[in-house]
Amino acid sequence: MANDNKRFQAIISHCKEYGFIFPSSEIYDGLSAVYDYGQWGSELKKNIRDYWWKSMTQLRENIVGIDAAIFMHPTTWKASGHVDNFSDPMIDNKDSKKRYRVDHLIEAHADELEATGKKVEAEALLAEMDRLLAAVDFPGLKKLIEDRKIKCSVGGTSNWTDVRQFNLMFSTQLGSVAEEASEIYLRPETAQGIFVNFLNVQKTGRMKIPFGIAQTGKAFRNEIVARQFIFRMREFEQMEMQFFIRPGTQKEWYEYWKNERMQWHLSLGIPKEKYRFHDHVKLAHYADAACDIEYDFPIGFKEVEGIHSRTDFDLRSHQEYSKKKMQYFDPEINQNYIPYVIETSIGLDRTFLMIISEAYWEEDLSTAEKQDSRVVLKLPPKLAPIKLAVLPLTKKDGLPEIARAIMDANKPHFRCFYEEKDAIGKRYRRMDAIGTPFCVTVDHQTKEDNTVTIRYRDSMQQERVAIHTLRDIVDKQIS
Ligand code: ATP
């Protein structure tokens with residue numbers, strides 16, 4: 001799908017209107033690139049996180065999870081290279097004062113070229129940009145921007161500053177008295193919490209290589225160009241796994257994890273053609289191979305997950321800075337070594353955006369007699385915030401009591417929702433809009449034969465089923 005801004009805006013509005021995502025501190029006009037998850041958004045996010053966690057830890061005997069603190073000793077970030085290297089080349093427009101990440105500015109220009117049929121020119125531009133980024137050639141990048149007459153989207157001029165580096169880490173003070181306080185960083189990735197605990201986990205868990213350590217949690221980056229809703233935020237959540245391997249085996253394991261992670265993505269029910277791999281030309285300071293899994297968002301193909309062959313860079317560097325050995329004794333080959341690492345790193349918020357983009361449908365249900373439409377989130381049932389809505393047809397005649405009994409029987413097993421207000425059709429539509437896969441209606445026949453009408457979200461088909469079979473019907477779809 002090419003850039004579909006209208007659809008993207010519709011998804012953003014839908015997320016707000018139906019309690020998925022709100023701008024942070026909205027009563028004070030919000031905070032740029034920071035968002036809060038509402039009642040249904042937090043459920044969906046939790047379900048995605050749980051699904052990742054289960055598939056990476058519970059279903060694998062050689063991967064365990066940890067939950068490290070956000071604050072870490074400041075030397076961690078010196079050792080990891082973030083103090084010196086975690087910066088992006090930026091350029092400012094002198095007239096509008098707007099600051100751009102250089103790669104984003106050039107990529108946006110390439111998108112425009114492509115949209116006007118100049119695909120070859122766009123590809124050549126991107127190839128040249130990759131070459132200059134890889135060579136850290138800042139004057140060359142500036143020249144490229146000027147030669148191609150790339151303009152500021154706000155002021156419309158090409159009056160650019162030099163290209164400069166800008167560190168993305170947030171810092172704060174630890175300690176109550178200013179003189180005693182030391183500067184620390186909010187972690188820009190969760191991975192380092194795994195590296196510094198590598199030996200703790202390996203020893204206490206008696207882990208044998210190859211093995212992995214997984215973690216989910218918040219990360220913070222002072223992104224300059226933080227637009228595009230939850231795609232790029234300043235506070236976001238990552239789901240990362242570091243897989244420790246014998247040096248020399250990184251190529252095979254890199255391919256293995258590329259494949260495993262793609263299978264995970266496909267298990268979300270998203271078709272293959274909506275994904276692609278993008279190999280990195282400019283490798284990060286720690287990597288000997290790296291690629292992204294990109295998804296075709298309404299704003300175009302963009303990264304959701306990174307897979308990186310990180311060599312022994314991090315452990316070796318922590319060994320140097322901490323003077324603590326980061327070695328593993330491999331009994332199979334009778335050797336000590338610093339393990340190599342393959343990392344899989346996926347953003348929870350970007351996965352959320354991907355899943356909701358895929359699920360969002362505007363359906364025209366008009367017939368010859370009347371105009372009708374609905375917005376439905378066709379979320380995979382295992383991820384839907386609510387699994388079963390229980391709706392008594394009326395508020396009287398003992399129907400609410402039966403509905404409440406159905407709630408009580410099912411709510412210990414999965415998230416249920418009770419609602420008796422408004423006409424049944426309206427209630428169905430509200431459940432469609434938040435992606436509830438099953439609605440059951442309790443009516444007068446229920447009193448006679450203990451059956452209810454179950455309505456399936458995607459097909460809108462209805463059938464009568466016995467009350468006692470409901471749990472099974474839902475369980476089959478969500479397990
Ligand atoms: P980008 O090139 O888009 O800035 P990145 O390559 O810096 O991303 P990584 O450092 O590889 O990203 O982080 C792993 C994952 O974390 C990304 O694939 C993405 O899903 C997520 N992520 C990174 N930065 C952000 C952000 N600012 N907001 C939301 N998610 C993010």
Side-chain angles (χ1 to χ4, degrees), residues 21 24 31-37 45 48-49 52 77 80-82 85-90 100-108 126 129-130 133 165-170 186-195 214-242 257-258 261-262 264-265 268 275-287 289-295 297 299-310 313-314 341-357:
I21 296 173
S24 158
L31 184 65
S32 158
V34 186
Y35 290 91
D36 296 340
Y37 286 81
K45 191 176 172 199
I48 299 169
R49 189 193 298 112
W52 181 89
W77 305 110
S80 68
H82 283 82
N85 292 315
F86 193 54
S87 46
D88 281 327
M90 313 294 307
Y100 292 88
R101 245 175 77 172
V102 165
D103 55 337
H104 289 173
L105 180 68
I106 299 175
E107 276 166 9
L126 292 177
M129 175 188 80
D130 282 344
L133 283 172
Q165 292 282 30
F166 184 92
N167 196 294
L168 301 182
M169 279 198 294
F170 283 102
L186 297 186
R187 66 179 178 199
E189 62 175 25
T190 60
Q192 297 305 323
I194 294 179
F195 289 123
Q215 162 160 244
T216 70
K218 290 272 176 138
F220 304 83
R221 297 182 186 179
N222 197 2
E223 300 278 5
I224 301 306
V225 188
R227 276 182 272 114
Q228 301 172 321
F229 194 38
I230 58 168
F231 180 81
R232 188 174 302 285
M233 298 197 288
R234 299 205 163 98
E235 173 182 341
F236 58 99
E237 199 165 333
Q238 289 185 314
M239 307 189 284
E240 297 198 299
M241 192 279 301
Q242 311 294 324
W257 280 109
K258 269 177 80 171
R261 292 305 304 148
M262 185 54 94
W264 184 86
H265 280 273
L268 299 170
Y275 288 110
R276 71 181 185 198
F277 281 110
H278 171 251
D279 293 319
H280 288 198
V281 179
K282 179 181 188 273
L283 291 172
H285 58 277
Y286 51 75
C291 69
D292 300 330
I293 295 179
E294 295 186 339
Y295 166 76
F297 287 98
I299 45 175
F301 268 104
K302 302 231 177 267
E303 168 180 349
V304 194
E305 172 157 12
I307 298 161
H308 310 124
S309 173
R310 286 182 87 123
F313 173 86
D314 301 87
V341 170
I342 306 294
E343 164 182 81
T344 70
S345 172
I346 179 167
L348 176 50
D349 312 271
R350 279 195 200 170
T351 310
F352 184 109
L353 184 60
M354 169 177 85
I355 286 169
I356 215 146
S357 301

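As the structure lists them, so they are numbered: ligands from 1, and atoms in each ligand from 1. All figures in this text were calculated on a predicted structure; none of them were measured in a lab. Heavy atoms only: backbone and side chains are in, while hydrogens, waters and symmetry mates are out.
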- Item | Chi angles and distances behind the side-chain contact (heavy atoms from CB on, under 4.5 Å) call for Asp292, Phe277 | CA-CA 6 Å; Asp292 300 330; Phe277 281 110; over 6 Å; no

- When you look for heavy atoms under 4.0 Å from ligand 1, do you find them on the side chain of Val304, its backbone, both, or neither? backbone

- Note on the structure: Honestly, for Arg221 the part within reach of ligand 1 (heavy atoms, under 4.0 Å) is side chain

- Item | Salt bridge present between Arg310 and Glu189 (N-O < 4.0 angstrom) | yes

- Region of Gln238 engaging ligand 1 - heavy atom pairs below 4.0 Å: side chain

- Which is closest to atom 4 (O) of ligand 1 by heavy-atom distance: Met233, Met354, Arg232? Arg232

- Task: Measure the distance from atom 19 (C) of ligand 1 to every protein heavy atom, then report the residue, atom name and distance (to 0.1 Å) of the closest one.
- Result: Arg350 NH1, 3.5 Å

- Message: Contact between Tyr295 and Arg350 at the side-chain level, heavy atoms closer than 4.5 Å - yes or no?
- Response: no

- Task: Select the closest option to atom 21 (C) of ligand 1 among Pro188, Ser345, Gly347, judged by heavy-atom distance.
- Result: Gly347

- Has Lys45 got its NZ or CZ under 6.0 Å from the middle of the six-membered ring of Tyr37, at an angle within 45 degrees of the ring axis? yes

- Given that the side chain starts at C-beta and the backbone is N, CA, C, O, which of these parts of Arg101 lies under 4.0 Å from ligand 1, counting heavy atoms, or is it both or neither? side chain

- Where does the angle between the aromatic ring planes of Phe229 and Tyr35 fall among parallel (under 30°), tilted (30 to 60°) and perpendicular (over 60°)? perpendicular

- Message: I'd like to know whether ligand 1 has Arg234 as a neighbour, heavy-atom separation below 4.0 Å.
- Response: no

- Query: Nearest heavy atom to atom 12 (O) of ligand 1: which of Glu223, Glu240, Glu303, Glu343 does it belong to?
  - Reply: Glu303

- Protein heavy atom at shortest distance from atom 29 (C) of ligand 1: Phe231 O, 3.3 Å

- Met354 vs Glu305, side-chain contact (heavy atoms from CB on, under 4.5 Å): CA-CA, chis, key distance, verdict: CA-CA 11 Å; Met354 169 177 85; Glu305 172 157 12; over 6 Å; no

- Message: Counting C-beta onward and ignoring hydrogens, is there a side-chain heavy-atom pair between Ile346 and Thr351 closer than 4.5 Å?
- Response: yes

- Query: If you measure from each non-hydrogen atom of Glu305 to ligand 1, which part falls under 4.0 Å: side chain, backbone, both or neither?
  - Reply: backbone

- Query: Looking at Trp52, does the NZ or CZ of Arg49 lie under 6.0 angstrom from its six-membered ring centre and within 45 degrees of the ring axis?
  - Reply: no

- Message: Please compare Phe236, Phe220, Phe229 and report which has the shortest non-hydrogen distance to atom 30 (N) of ligand 1.
- Response: Phe236

- Could you list the atoms of ligand 1 found under 4.0 angstrom from a heavy atom of His308? 11 (O)

- Stepwise side-chain contact (heavy atoms from CB on, under 4.5 Å) test for Glu343 and Gln242: CA-CA 5 Å; Glu343 164 182 81; Gln242 311 294 324; 2.8 Å; yes

